[in-house]
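Worksheet for the structure shown next.
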Protein chains: 2
Amino acid sequence: MPIDELAKLRLILKNQGHQITKAREATFRLLLHSEPQSLNEILMKADGQVDRVTIYRNIDLFEKLGIAHRIYIGWKYKIELSDEFTGHHHHLSCLRCGKVIDIEDETHIDEFIQDVAKKFGFQPRRHQFEVDGYCQDCQSNE
Amino acid sequence: MPIDELAKLRLILKNQGHQITKAREATFRLLLHSEPQSLNEILMKADGQVDRVTIYRNIDLFEKLGIAHRIYIGWKYKIELSDEFTGHHHHLSCLRCGKVIDIEDETHIDEFIQDVAKKFGFQPRRHQFEVDGYCQDCQSNE
DNA sequence: TCCAATTTGCAACAGAATTGCAATGTTTTT
DNA sequence: AAAAACATTGCAATTCTGTTGCAAATTGGA
């Protein structure tokens, strides 16, 4: 029984006092079940169904509501749905072919954050961890 | 006896077949002994000594040669000289006051990267790790 | 269904980064 | 040390990315 992701979206919007609109659902669908995408890729896929500006605005809103967030891969950022929809994870991104591998083990990272936070009296809120390199396929013909 | 950073720069440029120019040295000096800076901050500091475009181009070159690199803090990116000049490290950045704390212990992170890389046959080249949260001073009056 | 409030799309704008090219500076060769 | 060969710079113009103002359309609630 797959959870209805759209229902979740509607719930979040409603609970936070925002309207449920076609454009928002469409924007959400552009992100759903997809690798992290650049804004440009998203705009391409949208191709006029939803206006450029509206997509920007709705993704901003999604970020504010914690529905989506940016990750930084190589030079650029990409958008992906947030932990609630995809589970918290990090990425290995290939510098050559651009492939993105999701990685999930948090143990080491959490440990590390705890250590460091304690040392500096810092209160961590979120973290970002990205590894760039070459994927199996791209190592030979690098 | 402090290492002459400029000499190091010249060596790298020369070895890779690039010219040593006033503009490149000036651009380098803008980065030296400084917190990570936004491109804008760099352009301000440069203030016409070196042309905007030239700074863009030289920082690109520095990135390609591994002399400098971008880090992402909050939404924006900043430029800093790379490990060879500053030592590899990560950052705790305060979401409220913007303060950046450098952190250095790598043990946990390196371990983790080794584990994961092995699992996926991935060849890591560089990694990025940023923690956002609230620094000691900003926790009370958050 | 009607009204108030929010959201959307368009057009215009602003800022960041890139490109083409002539002028300049750097390196190599003699 | 001068000339030739090549790389780099600065400027103007352009492209790309993201934002703003506002009228028209859509949404949610009575």
Side-chain angles (χ1 to χ4, degrees), chain A residues 6-31 36-65 67-80 98, chain B residues 6-7 9-31 36-65 67-80:
Chain A
L6 261 192
K8 222 193 247 179
L9 170 73
R10 294 202 191 97
L11 200 62
I12 298 177
L13 288 173
K14 184 153 216 175
N15 283 344
Q16 314 256 21
H18 297 276
Q19 293 189 174
I20 295 157
T21 68
K22 285 170 125 188
R24 280 177 188 157
E25 296 187 344
T27 307
F28 182 78
R29 255 184 259 103
L30 291 170
L31 300 177
Q37 301 164 86
S38 69
L39 220 355
N40 213 46
E41 291 170 317
I42 296 170
L43 291 172
M44 292 305 202
K45 283 210 310 194
D47 186 37
Q49 295 182 269
V50 187
D51 186 78
R52 244 165 54 78
V53 178
T54 301
I55 290 184
Y56 274 107
R57 287 197 272 227
N58 284 341
I59 288 183
D60 276 1
L61 179 67
F62 289 176
E63 288 175 340
K64 241 173 247 137
L65 300 181
I67 293 167
H69 63 143
R70 307 187 192 193
I71 59 168
Y72 292 96
I73 292 182
W75 299 131
K76 312 266 181 169
Y77 72 82
K78 301 197 174 190
I79 311 281
E80 73 174 355
Chain B
L6 261 192
L9 170 73
R10 295 202 190 95
L11 199 64
I12 298 176
L13 288 173
K14 183 153 218 175
N15 283 345
Q16 314 256 18
H18 298 276
Q19 293 188 175
I20 295 157
T21 68
K22 284 170 127 191
R24 278 177 190 156
E25 296 188 344
T27 307
F28 182 79
R29 255 185 261 103
L30 291 171
L31 301 177
Q37 300 164 89
S38 69
L39 219 355
N40 213 45
E41 290 170 317
I42 297 170
L43 291 172
M44 292 305 202
K45 282 210 308 194
D47 185 39
Q49 294 182 270
V50 188
D51 186 78
R52 248 162 52 77
V53 178
T54 301
I55 290 184
Y56 274 107
R57 288 197 271 227
N58 285 341
I59 288 183
D60 276 0
L61 178 67
F62 288 175
E63 288 174 340
K64 241 175 246 135
L65 300 182
I67 294 168
H69 63 142
R70 305 186 194 194
I71 59 167
Y72 290 94
I73 293 182
W75 295 133
K76 311 268 181 167
Y77 72 82
K78 303 197 170 191
I79 312 280
E80 71 174 357

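Computed from a predicted structure; not experimentally measured. These numbers come from the heavy atoms of this one structure, side chains and all, not from hydrogens, waters or symmetry mates. Per chain, numbering begins at 1; letters A, B, ... match sequence-line order.
In the set D/dG10, C/dT7, D/dG18, the nucleotide with an atom closest to the side chain of A/T21 is C/dT7. Checked against C/dC21, C/dC10, D/dA7, the side chain of B/R57 finds its nearest nucleotide in C/dC21. Ranking C/dA17, C/dT26, D/dC11 by closeness to the B/K22 side chain, first place goes to C/dT26. Side-chain proximity of A/D60 to D/dT19, C/dT7, C/dC10: nearest is D/dT19. Each of D/dG28, C/dT18, D/dT8 was ranked by its minimum atom distance to the side chain of B/H18; first place goes to D/dT8.
As a whole-Å value, the separation of A/D51 CG from D/dA25 P is 15 Å. Computed from coordinates, the B/L43 CG to D/dC11 P distance equals 14 Å when rounded to whole Å. The CD1 atom of A/I59 sits 11 Å away from the P atom of D/dT19 (whole-angstrom rounding). What separates CD1 of A/I20 from C1' of C/dA5 is a distance of 15 Å, to the nearest Å. Residue B/F62 contributes atom CZ, which lies 12 Å from atom P of D/dT8 at whole-angstrom precision. Straight-line distance from the NZ atom of A/K14 to the P atom of C/dT7: 14 Å, rounded to whole Å. In this structure, the CD1 atom of B/I55 is 13 Å from the C1' atom of C/dA17, given to the nearest Å. A/L13 has its CG atom 16 Å from the C1' atom of C/dA5, to the nearest Å.
On a pure distance criterion of 3.5 Å, a polar donor-acceptor pair joins the side chain of A/R52 and the base of D/dG18.
Contacts of B/R24 with the nucleic acid, taken as non-hydrogen atoms under 4.0 Å apart, involve only primed sugar atoms and P, OP1 or OP2.
Side-chain N/O atoms of A/K64 and A/Q16 include no donor and acceptor closer than 3.5 Å. In this model, no donor atom of one side chain and acceptor atom of the other lie less than 3.5 Å apart for B/K14 and B/Q19.
Separation of atoms CG (A/L61) and CD1 (A/I67) is listed at 6.5 Å; rounding is to 0.5 Å. To the nearest 0.5 Å, atoms CG (A/L9) and OG1 (A/T27) are separated by 9.5 Å.
Comment: A/R70 does not engage A/E80 in a salt bridge, judged by the lack of any side-chain N to carboxylate O separation of less than 4.0 angstrom.
Remark on DNA chain C: of its neighbouring residues B/Y56 and A/Q19, the 5'-side contact belongs to A/Q19, judged by nearest-heavy-atom nucleotide.
Residue B/N58 has a polar side-chain atom (N or O) positioned under 4.0 Å from OP1 or OP2 of D/dT9. Considering only side-chain N and O atoms, B/Y77 lies under 4.0 angstrom from the phosphate OP1 or OP2 of C/dA17.
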